[in-house]
Amino acid sequence: MVGQSIGEMDVEYATTIADRAMRLMAQQSVPATPTNFAVWFEYSLGNSLALRKTIDILIAGKRKFDPAINHELYITYVTPQSSPDPLGDLPEQLSGLIATAQQFLNTAVTDNQTHIKALGEVSSEAAGAADPRTIIAKLVDELSKATSRAATLEANFAATSEELDSIRDSLKAAEQRSNTDALTGLANRHSMDEFLRLAQIAAMEKDEALSVFLIDIDHFKKFNDDYGHQVGDQVLRLVAKVLQEGVREVDLAARYGGEELIAVLPGADLEACTSVAERIRRRIAEARLTRRATGKEIGSITVSIGVAQFRLAESADAMIERCDRGLYQAKRLGRNRTVTETELEPEAGAA
């Protein structure tokens with residue numbers, strides 16, 4: 001019954017799942033509120049592998065299901081979220097190729113039946129003691145036809161195979177484009193969300209650290225206002241290049257939105273992530289950008305950075321929100337600096 005949607009359940013099965021959810025909640029001392037029940041009903045249903053893994057890890061680690069964790073489970077795994085289909089509709093060209101290949105096979109089957117029938121007739125003539133020369137001539141003719149049909153079929157399939165390879169390459173390129181920000185060449189927001197979701201699950205399963213830092217370009221609007229949007233784009237590409245070169249292959253650098261960039265570092269604790277963020281911040285501050293048209297050097301580029309480490313079972317939004325608070329605290333303190341979640345001012349934390 002796994003994979004069945006809630007709307008398709010009959011009363012008896014839904015009641016069974018609900019009873020199971022209530023028993024599990026009682027075992028873990030989880031209050032039977034509507035949102036908590038929704039989480040454990042979904043867990044008992046088994047449709048969400050990510051939710052099952054997360055709760056199983058929490059249970060195995062003897063973690064208390066306090067209000068904060070219960071809320072994060074609901075927000076992360078139960079609240080409806082839009083998720084675009086990464087594949088979309090299959091190209092009409094692919095459907096046409098499938099139809100063509102099917103036609104080739106039908107033709108091959110028909111030709112083969114004709115060939116078998118002709119050979120059967122020759123065999124009957126041979127049994128009737130017909131002229132051997134006639135029989136041999138017919139055999140040679142049928143073999144010639146069979147060879148010709150096989151060559152034609154092979155050529156058709158070869159052409160179709162080449163076209164399928166071309167479609168496969170096109171689909172691969174399209175998938176790459178769908179996961180990449182066109183301006184910076186970094187991963188886009190959708191790709192980052194999926195990477196971070198899997199990184200959170202891996203961090204809980206392996207009991208490893210996971211950290212994130214968020215970058216915002218200081219006075220970015222001034223670049224656009226003073227030099228035009230082309231220079232603004234050039235600034236953004238430069239910062240993206242330094243970011244991409246400053247992280248490991250196992251990390252993900254992405255454009256979060258506007259002039260904000262983000263890096264996800266699996267296996268890195270807060271200290272290690274801060275060290276990487278600081279190295280990247282210094283490299284950006286040392287970089288020099290010149291206008292392509294005039295060769296004139298543009299003013300220095302600086303960034304403000306906020307850093308946070310993943311907390312067990314929390315949502316990605318909660319972790320990034322701490323990064324965001326650190327980032328804006330860095331701006332309040334004068335920009336061109338990195339602020340971690342441990343350095344957040346009390347009033348910012350209370351807010």
Side-chain angles (χ1 to χ4, degrees), residues 176-177 179-189 191-192 195-196 211-309 319-320 322-341 343-344:
Q176 179 67 24
R177 288 193 299 272
N179 291 326
T180 304
D181 176 66
L183 177 61
T184 63
L186 300 179
N188 61 19
R189 178 69 177 272
S191 181
M192 186 280 297
F195 182 90
L196 183 52
S211 298
V212 171
F213 63 87
L214 189 63
I215 296 176
D216 187 87
I217 301 173
D218 296 330
H219 302 297
F220 183 71
K221 185 175 183 297
K222 187 172 176 15
F223 286 106
N224 285 328
D225 293 344
D226 291 353
Y227 302 104
H229 288 282
Q230 287 187 338
V231 171
D233 290 348
Q234 195 177 347
V235 170
L236 191 54
R237 281 192 290 264
L238 172 64
V239 174
K241 183 174 184 293
V242 175
L243 173 60
Q244 184 68 75
E245 293 175 349
V247 297
R248 306 164 298 175
E249 288 188 8
V250 297
D251 303 328
L252 182 79
R255 185 178 183 185
Y256 191 68
E259 67 270 24
E260 288 188 334
L261 308 178
I262 193 169
V264 182
L265 280 63
D269 60 15
L270 189 68
E271 182 180 358
C273 187
T274 304
S275 176
V276 173
E278 265 293 282
R279 184 172 66 248
I280 289 170
R281 182 193 63 79
R282 289 193 297 267
R283 284 193 58 194
I284 292 171
E286 294 167 357
R288 291 295 175 264
L289 187 67
T290 58
R291 297 193 67 175
R292 293 174 180 172
T294 63
K296 183 179 178 181
E297 187 173 295
I298 297 172
S300 62
I301 304 166
T302 63
V303 297
S304 297
I305 304 178
V307 188
Q309 182 172 336
M319 176 170 52
I320 293 174
R322 293 197 302 280
C323 286
D324 200 48
R325 282 160 46 196
L327 186 156
Y328 280 98
Q329 182 168 312
K331 288 189 178 296
R332 288 195 301 272
L333 294 174
R335 296 181 170 83
N336 190 25
R337 65 189 65 214
T338 299
V339 173
T340 73
E341 62 182 5
E343 302 171 286
L344 291 175

Partner set under side-chain hydrogen bond (donor to acceptor under 3.5 Å, both in side chains) for [X], not counting sequence neighbours:
| X | answer |
| --- | --- |
| D226 | K222 |
| Q230 | none |
| S191 | none |
| Y256 | R189 |

Can you give the donor-acceptor pairs under 3.5 Å from side chains of residues 238-248 to other protein atoms, not counting sequence neighbours?
residue: K241; atom: NZ; partner: E245; partner atom: OE2; Å: 2.7
residue: E245; atom: OE1; partner: R283; partner atom: NH2; Å: 3.3
residue: R248; atom: NE; partner: D251; partner atom: OD1; Å: 3.1
residue: R248; atom: NE; partner: D251; partner atom: OD2; Å: 2.9
residue: R248; atom: NH2; partner: D251; partner atom: OD1; Å: 2.5
residue: R248; atom: NH2; partner: P266; partner atom: O; Å: 2.7

Starting from the C-alpha separation in whole Å, work towards a yes-or-no answer on side-chain hydrogen bond (donor to acceptor under 3.5 Å, both in side chains) for R281 and N336.
CA-CA 7 Å; R281 182 193 63 79; N336 190 25; 2.9 Å; yes
Name all residues meeting the salt bridge (Lys or Arg N to Asp or Glu O under 4.0 Å) criterion together with [X]; count only those two or more places apart in sequence or in a different chain, and write none if there are none.
| X | answer |
| --- | --- |
| D324 | none |
| R337 | none |
| E343 | none |
| E341 | R311, R322 |

Where is the tightest heavy-atom contact between A268 and C273, given as atom of each residue plus distance?
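The pair with the smallest heavy-atom distance is CB-N, 4.4 Å.
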Can you see which heavy atom on V307 is nearest to which on A277, and at what distance?
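Shortest heavy-atom contact: CG2-CB, 4.2 Å.
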Under a 4.5 Å cut-off applied to non-hydrogen side-chain atoms, are [X] and [Y] in contact?
| X | Y | answer |
| --- | --- | --- |
| V235 | Y227 | no |
| I262 | L186 | no |
| R288 | S300 | yes |
| I320 | L196 | yes |
| F223 | I301 | yes |

Nearest 0.5 Å, what's the [atom1]-[atom2] distance between [X] and [Y]?
| X | Y | atom1 | atom2 | value |
| --- | --- | --- | --- | --- |
| L236 | E260 | CG | CD | 11.0 Å |
| I215 | T338 | CD1 | OG1 | 8.5 Å |
| E278 | F213 | CD | CZ | 10.5 Å |
| H229 | Q234 | NE2 | CD | 14.5 Å |
| N188 | T180 | CG | OG1 | 6.5 Å |
| F220 | D225 | CZ | CG | 10.5 Å |

Please check if the side chain of Q309 supplies one atom and the backbone of L270 the other of a donor-acceptor pair under 3.5 Å.
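Yes, Q309 side chain to L270 backbone: donor-acceptor pair under 3.5 Å.
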Between the side chain of R325 and the main-chain N/O of Y328, is any donor-acceptor distance below 3.5 Å?
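No; judged by distance alone, with no hydrogens or angles, the pair does not exist.
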For E271, side chain to side chain contact (heavy atoms under 4.5 Å, CB included) partners two or more places apart
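E271: side chain to side chain contact (heavy atoms under 4.5 Å, CB included) contacts with D269.
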Who pairs with C323 by side chain to side chain contact (heavy atoms under 4.5 Å, CB included), at least two apart in sequence or on another chain?
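C323 satisfies side chain to side chain contact (heavy atoms under 4.5 Å, CB included) with V212, L214, A308 only.
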Qualifying salt bridge (charged side-chain N to carboxylate O under 4.0 Å, His left out) pairs with a residue from residues 211-220, counting only residues at least two apart or across chains:
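Only D216-K331, D218-K331 qualify under salt bridge (charged side-chain N to carboxylate O under 4.0 Å, His left out).
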